[in-house]
*Asks:* 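Have a look at this one.
Every chain is numbered from 1, with letters handed out A, B, ... down the list of sequences. Reckoned from all heavy atoms, side chains included, excluding hydrogens, waters and symmetry mates.
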Number of protein chains: 2
Amino acid sequence: MKSETRQEEIIRVAAKLFKEKGYSAVTMRDLAKVMGIKAASLYNHIKSKQDILKTIIISLAEEFTEGMQLIQSSNDNCIDKLNKIIELHVKISSQNIYGMASLNNDWMHLEEKLGYYQKLRSDYENDFRSILNAGIASGEIVNVKPDVMMFSILTTLRSLYIWIPKKDDIDLNDLTNTLSHILINGINK
Amino acid sequence: MKSETRQEEIIRVAAKLFKEKGYSAVTMRDLAKVMGIKAASLYNHIKSKQDILKTIIISLAEEFTEGMQLIQSSNDNCIDKLNKIIELHVKISSQNIYGMASLNNDWMHLEEKLGYYQKLRSDYENDFRSILNAGIASGEIVNVKPDVMMFSILTTLRSLYIWIPKKDDIDLNDLTNTLSHILINGINK
DNA sequence: AAACGAAACTAACAGTTGTTAGTTAACATG
DNA sequence: CATGTTAACTAACAACTGTTAGTTTCGTTT
């Protein structure tokens with residue numbers, strides 16, 4: 001278990017603050033105060049405020065991209081792929097509660113890396129869409145507006161970072177299974 | 001059709017900017033520039049930046065509260081109530097695309113009205129939860145973790161403001177029906 | 001014509017913003 | 001012991017923040 005560098009600590013604390021108030025509302029002096037140092041001292045470890053945000057968001061986005069590539073290139077059927085996507089989101093979200101808030105809410109402040117982020121996101125959504133379309137074609141899932149299906153499922157998964165922390169002592173396997181059931185079979189008896 | 005006051009116009013434009021960049025990242029000079037006037041002139045029409053946010057969020061939150069009260073006091077069964085909730089969200093969200101972004105992302109900057117907003121929101125969620133619990137008790141819907149069910153449905157509905165504008169020429173009745181089908185019956189064939 | 005109100009303006013404020021430069025103290029390495 | 005590195009510090013910057021005060025412009029009402 002190699003311990004956290006000071007830089008990693010700053011980024012972790014920043015992500016927490018970004019989640020609570022949003023990127024723009026967090027000042028370098030806020031961040032410094034929580035770290036117990038002066039704002040100027042932060043710059044011994046990080047390049048800029050921008051760069052903290054970039055690090056948080058891009059690393060997460062790439063993690064999702066890699067996970068999706070693995071899933072899509074497998075030989076699973078549609079439902080199994082969807083279950084793996086749910087599992088992927090539960091895993092990454094539960095391990096990056098704070099970072100997920102920036103990914104969802106502060107991506108528009110990325111500046112130079114904005115285009116790259118947007119490409120990753122649209123690639124991800126295209127992969128998702130093609131899984132659904134394959135499922136419709138094979139008769140595995142119902143044929144009703146894949147766009148709405150994707151919006152509904154993906155929105156739920158993207159918001160896990162809000163919901164997970166509200167439940168303490170949550171079992172992640174349990175959550176994955178429950179989500180899988182609800183998202184795929186609905187709530188009707 | 002009574003036309004918009006200058007104050008209402010400012011609030012509408014502000015909501016649009018808040019959606020694009022978030023409340024904290026929008027300056028009064030940004031807002032003034034879009035309005036075609038100087039920042040100081042805004043104060044002939046509005047009290048403060050804070051007050052713009054408060055107006056946007058509280059009026060929307062109250063609209064949801066009123067809608068929910070009507071639904072909950074009806075004699076409908078659980079599924080019908082859920083369908084009315086879906087309809088409520090589609091209606092309010094489609095009519096307040098920009099304001100919904102503030103409601104979802106900038107409520108933490110409300111300051112004095114924060115407590116009131118949080119009360120409205122938790123009342124709304126409690127009503128939602130009790131509808132689900134009644135549905136489980138009566139055997140209308142499946143008995144799997146109402147909290148996860150609520151999270152999934154409510155998250156999807158709360159994010160409609162992101163998704164609706166991406167689709168032009170969308171039929172709102174159509175959307176309501178499709179959402180109802182997907183959220184209640186799932187996607188499994 | 002005179003007075004009024006609405007809505008714009010200019011100028012300025014006090015505080016905050018991200019960031020840089022230069023310095024110092026503690027500690028590890030030669 | 002001397003040296004170098006790390007990570008903190010103080011001081012300062014230029015730009016930007018929300019907001020106020022006081023003034024001007026102009027169409028409407030008396």
*Asks:* I'd like to know whether B:Glu9 forms a side-chain contact (heavy atoms from CB on, under 4.5 Å) with B:Met35, so could you lay out the CA-CA distance, the side-chain angles of the two residues, the decisive distance to 0.1 Å, and finally the verdict.
*Replies:* CA-CA 9 Å; B:Glu9 192 186 354; B:Met35 291 296 299; 3.8 Å; yes
*Asks:* So which nucleotide from C:dT17, D:dT19, C:dT19 ends up closest to the side chain of A:Thr27?
*Replies:*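 Comparing C:dT17, D:dT19, C:dT19 against the side chain of A:Thr27, the answer is C:dT17.
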*Asks:* Once rounded to the nearest 0.5 Å, what's the spacing between atom CD1 of A:Ile71 and atom CZ of A:Phe128?
*Replies:* 9.5 Å
*Asks:* Does D:dA8 have its OP1 or OP2 closer than 4.0 Å to a side-chain nitrogen or oxygen of A:His45?
*Replies:*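 Yes, such a contact exists.
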*Asks:* Without decimals, in angstroms, what is the distance between A:Gln50 CD and C:dT20 P?
*Replies:*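 Value for this atom pair: 13 Å.
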*Asks:* Whole-Å distance between D:dT24 P and B:Ile37 CD1?
*Replies:*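 Rounded to whole Å, this separation is 20 Å.
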*Asks:* Expressed in angstrom and rounded to an integer, what is the separation of B:Lys33 atom NZ from D:dT17 atom P?
*Replies:*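 Distance check: B:Lys33 NZ to D:dT17 P gives 11 Å.
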*Asks:* Nearest-Å distance, CD (A:Gln7) to P (D:dT6)?
*Replies:* 13 Å
*Asks:* Can you tell me if A:Arg29 touches the phosphate of C:dT19, counting only side-chain N or O atoms and a distance under 4.0 Å to OP1 or OP2?
*Replies:*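 It does not, given that no N or O in the side chain of A:Arg29 lies less than 4.0 Å from OP1 or OP2 of C:dT19.
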*Asks:* Whole Å only: how far is the CD1 atom of B:Ile46 from the P atom of C:dA8?
*Replies:* 12 Å
*Asks:* If each of A:Lys47 and A:Ala25 is mapped to the nucleotide of DNA chain C with the nearest heavy atom, which maps nearer the 5' terminus, i.e. the 5' end?
*Replies:*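 It is A:Ala25, whose closest nucleotide lies nearer the 5' terminus.
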*Asks:* Got a donor-acceptor contact below 3.5 angstrom from the A:Ser130 side chain to the A:Asp127 backbone?
*Replies:* yes
*Asks:* Can you check the A:Leu31 CG to D:dA8 P distance for me, whole Å?
*Replies:* 12 Å
*Asks:* Of all the choices, D:dA8, D:dA21, C:dG18, which nucleotide is nearest to the side chain of A:Met28 once you look at every atom?
*Replies:*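 For A:Met28, the side-chain atoms sit closest to C:dG18.
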*Asks:* Roughly how far, to the nearest 0.5 Å, is the CD1 atom of A:Ile79 from the CD1 atom of A:Ile141?
*Replies:*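 Separation between the atoms: 6.5 Å.
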*Asks:* Measure the distance from OH on B:Tyr43 to P on D:dT19 and round it to the nearest whole Å.
*Replies:* 3 Å
*Asks:* Does A:Ser41 have a side-chain nitrogen or oxygen under 4.0 Å from the phosphate oxygens OP1 or OP2 of D:dA7?
*Replies:*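 No, outside the criterion.
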*Asks:* Ring pair (Phe, Tyr, Trp, His ring centres under 6.0 Å) with B:Phe18: which of B:Trp107, B:Tyr98, B:Tyr23, B:Tyr161?
*Replies:* B:Tyr23
*Asks:* For D:dA8 and A:Lys38 - does any side-chain N or O of the residue sit under 4.0 Å from the phosphate oxygens OP1/OP2?
*Replies:*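 It does not, given that no N or O in the side chain of A:Lys38 lies less than 4.0 Å from OP1 or OP2 of D:dA8.
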*Asks:* In whole Å, what is the span from the CG atom of B:Asn44 to the C1' atom of D:dT20?
*Replies:* 12 Å
